[in-house]
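A quick write-up on the structure given underneath.
Keep in mind it's a predicted model, so treat the numbers as computed, not measured. Here is how names work: the chains are called A, B, and so on, in the same order as the sequence lines, proteins then strands, and each is numbered from 1.
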2 protein chains.
Amino acid sequence: MTDRILVIEDDQRLGTQIVEHLREAGFETLWRTAGELILPGALPGFSLLVLDLMLPGKHGLDILKHLRTYSQVPVLVLSARTSSADKVRAFKLGADDYLTKPFWPEELIERVRARLRRPAMQRGEPLRFGGLELDLGARLASVRGKPVELTRVEFDLLAALAQRTGEAVTRKWLADNVLDPDKEGTERTLDVHVSRLRKKLEGEELIETVWGIGYRLRGGSPR
Amino acid sequence: MTDRILVIEDDQRLGTQIVEHLREAGFETLWRTAGELILPGALPGFSLLVLDLMLPGKHGLDILKHLRTYSQVPVLVLSARTSSADKVRAFKLGADDYLTKPFWPEELIERVRARLRRPAMQRGEPLRFGGLELDLGARLASVRGKPVELTRVEFDLLAALAQRTGEAVTRKWLADNVLDPDKEGTERTLDVHVSRLRKKLEGEELIETVWGIGYRLRGGSPR
DNA sequence: GCGATCGCTTAAGGGCATCTTAAGGAGGGG
DNA sequence: CCCCTCCTTAAGATGCCCTTAAGCGATCGC
């Protein structure tokens, strides 16, 4: 199972660069530009967080501090501040590593790898949506505590929606990314999988139809 | 339980300083000036190794490389070399962190702390999964107390799954990491090993098939 | 309200991933 | 040089589940 990494970086250029390198290195990467997007419900599923503290100063550290009240996810801090005091402050707030800008992408990758090499923390926390629990690493799902057997496509489909909670995902995107992209007539196939998925998640009306667009997963709840 | 830290540093001034700060921070510290002193028998008992690569160049990296053949102890590397290539090389050889000289002792302390915050790793204790007991160090396995003879590949395969308990591990990853990575048609080979492994672990249905993905070891002691 | 479009459900068929068994061959120890 | 262990390869059997098709139901534009 590939590790999922969340990158919080408001600089477009740097963000693009980081994400590109991480993907090249084989990591599944999600890039957000605002620290506010680190919500309790959004973090589960990620193995590591790359957090740029930005320049405004305290802002980034506040995010980190708050984050540590509800999550133990490993955090690699990026910052332009090179002073010892700044680093110490970040570490004391729970940072796992601290990299000063500018840096070489190769070093970032290796530091991420070094952090993930340790098996104990490798697994992201399971995602939760109402009565649904989704463990991306184990590829296991359960509804209200009861395990639910999902096929490969069913799981991938659910995971794809789960990673873009509240967002309407187009049929085309799902067909291209979850199903075999080579196939043509995958439109109807998708219906079938969604149908079966809904039946298996009986009782939980999580997958909403967005008419003429695709589907949307009802928002996750912060455990 | 205070953590014990081994420091390899040949510079007297710097060594004194490091040890002083570590002790001040509450760590039990042992200081050696020669890397040769990192013997397989000496390492157990230490939670972390601070390793100065010194200037002579390759010497320190060789120590690290050799070390990794028999120990998984976390290693924080100190070095005067600041280039990206040097850092990447160290990480690839298994370093967990890399600090360039000169540095502030506070940062070293915090990096050591950040590293030790994470759950203590396997300290030689055997892993347990249901009736299976797996000693990675001794390469011994037993089922319900009875020793089971595993071949090299079988043990590595089981160990690979065990170190990622509960996680769905892809066939490709297993083929690349457990079997000879150069080979091409290793897909079928994997089946055979899994099959034999299951037979030897008779009674314990530990290795689950994740259809279309790979395999998963049923969780015994998760995270 | 009506037709057209889009989505849902059920059922059936077959492709293909996986399992098992058997035999070939490489490497190490005696 | 022979034997033994064990990794690999091959081939056939098994059955999972992806896809396709077809009819019904829902929704939208007018």
Output the rounded distance in Å from CG (B:Leu150) to C1' (D:dC6). 13 Å

So where does chain A start and stop touching DNA chain C, 5' to 3', when the test is distance under 4.0 Å to a non-hydrogen atom? C:dC6 to C:dT10

Closest to side chain of A:Leu179, choosing from D:dT19, D:dT8, D:dC28: D:dT19

What does A:Val192 touch in the nucleic acid at a heavy-atom separation under 4.0 angstrom: a base, only the sugar-phosphate, or nothing? base

Got B:Leu190 and B:Leu157 here, is their nearest side-chain heavy-atom distance under 4.5 Å? yes

Could you check whether any side-chain N or O of B:Arg111 sits under 3.5 Å from a backbone N or O of A:Tyr98, counting only pairs where one atom can act as donor and the other as acceptor? yes

For B:Arg152, answer base if it contacts any base atom (sugar-phosphate contacts may also be present), sugar-phosphate if it contacts only those atoms, and nothing otherwise; contact means non-hydrogen atoms under 4.0 Å. sugar-phosphate

Using a strict cut-off of less than 4.0 Å between a Lys/Arg side-chain nitrogen and an Asp/Glu carboxylate oxygen, indicate whether A:Asp156 and A:Arg139 qualify as a salt bridge. yes

Interatomic distance, B:Asp191 CG vs D:dC16 P [rounded to whole Å]: 16 Å

Along DNA chain C (nearest heavy atom to each residue), the more 5'-positioned of B:Trp211 and A:Trp211: A:Trp211

Is the shortest side-chain N to carboxylate O distance from B:Glu204 to B:Arg144 below 4.0 Å? yes

Expressed in angstrom and rounded to an integer, what is the separation of B:Lys199 atom NZ from D:dC6 atom P? 15 Å

Distance check needed: D:dC7 P versus B:Glu154 CD, whole Å only. 6 Å

For A:Glu149 and D:dG15, what is the distance between atoms CD and C1' respectively, to the nearest whole Å? 15 Å

Would B:Thr209 and B:Arg198 count as having a side-chain donor-acceptor pair, cut-off 3.5 Å? yes

Looking at B:Thr189, does any N or O in its side chain come under 4.0 Å of the phosphate oxygens OP1/OP2 on D:dT9? yes

Taken to the nearest whole Å, CG/A:Leu174 to P/D:dC18 is 15 Å

B:His193 vs D:dT8: side-chain N/O to OP1/OP2 distance below 4.0 Å: yes

Rounded interatomic separation in angstrom, taking CG from B:Leu197 and P from D:dC7: 11 Å

Which whole-number value in Å describes the distance from A:Phe155 CZ to D:dC16 C1'? 18 Å

Quick check on D:dC7: is either OP1 or OP2 less than 4.0 Å from any side-chain nitrogen or oxygen of B:Thr151? yes

Looking across every strand, which nucleic acid part, if any, lies under 4.0 Å from A:Arg171 by heavy atom: base, sugar-phosphate, or nothing? sugar-phosphate

Should we count CH2 of A:Trp104 as having more than 12 external heavy atoms under 6.0 Å? no

Just so I know, are the side chains of B:Leu53 and B:Arg81 near enough to count as touching, which here means a heavy-atom distance under 4.5 Å? no

